[in-house]
Amino acid sequence: MAKLDTPWKGYIPPFRVWGNLYFVGTSFVSNHLIDTGDGLILMDSGYAETLYLVMDNIHRLGFDVHDIKYIVHSHGHIDHIAGTKALVELTGAKTFLGRGDLDYVTGTRDLTWARELDMSFTQTFVPDVLLDDGDEIRLGNTCIKCIHTPGHTEGTMSFVFDVTDGSRTLTAGTFGGVGMNSLKREFLLRYDLPLSLQQDFIRAIERLRAEHVDICFGNHPETVDTEGKGARILAGETDAFVDATAWSAFLDRREEVINRLISKEQAENNN
Ligand SMILES: [Zn+2]
């Protein structure tokens, strides 16, 4: 669990993932930055407690926080959204979120996972744009394809987009919500969420298999070994994230985990 009373212990040196995509997050949660040539897109704002680290990382990479034009959220849990309100006040950035998670970030429903972390979510906001499946977010040289992948939350969005390095173009992709915490039957029942989210998650995995992704980057470092790959990149291996097999392997692992959860819960219910 995140040690948010000592956020600096989650420091990870920022680095260029590949091309115009950068990692600016912490060991608790990933934040990514896209340099579109016409402003910056920040993917997830993280915890409020780690926002100063994210801002410092952006600065260390030579960018100006004030150039953030869009903040695009993977889903409405506190570890991905709580820095947004302050950043919007500073930058005037436009915010994007999957339609199904609107009530999470406005505080209408207590679903941000704050209670589970013994925290309170006070940094509520109303997104400028509610995303639906198939939407595109365009800025500068970047066009992000938005794929609705419910399960982890009702409005989880996954993103696929091209990144460029000189004359080379590759496709980057992120699955917007992969943890089993909010897919457990007990959690779904407690918050009056549909049990069908477990099956939605399996359908989301199948949906994402259709995407070609060269660079699989996650929204939590541990799921894609962000720290290890970042260290390799900082040591000079610029293509550490480039692996055309990583996306399907990542989806395979997610499918194993959800199937294990469902089997375990079915066994428990039969006892
Ligand atoms: Zn989450």
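One-based numbering, in listed order, for ligands and for the atoms of each.
Of the N and O atoms on the side chains of Asn141 and Thr36, not one donor lies less than 3.5 Å from an acceptor on the other residue.
Pairs of residues two or more places apart, or lying in two chains, never qualify as ring-ring contact (aromatic ring centres under 6.0 Å, His included) while including a residue from residues 243-271.
Look at Lys184 and Glu186 and you find no salt bridge, because none of the NZ, NE, NH1 or NH2 atoms lies under 4.0 Å from a carboxylate O.
Residue Ile68 shares its hydrophobic cluster (ILVMFWY side chains chained together at separations under 4.5 Å) with Tyr22, Val24, Leu33, Leu40, Leu42, Leu51, Val54, Met55, Ile58, Leu61, Phe63, Val65, Ile71, Leu87, Val88, Leu90.
For the Zn ion (ligand 1), the nearby protein N/O/S atoms, meaning those under 2.8 Å, are His75 NE2, His77 ND1, His152 NE2.
Taking the six-membered ring for Trp, Phe217 and His32 have ring centres closer than 6.0 Å.
Checked against side-chain hydrogen bond (donor to acceptor under 3.5 Å, both in side chains), Asn259 has no partners two or more places apart in sequence or in another chain.
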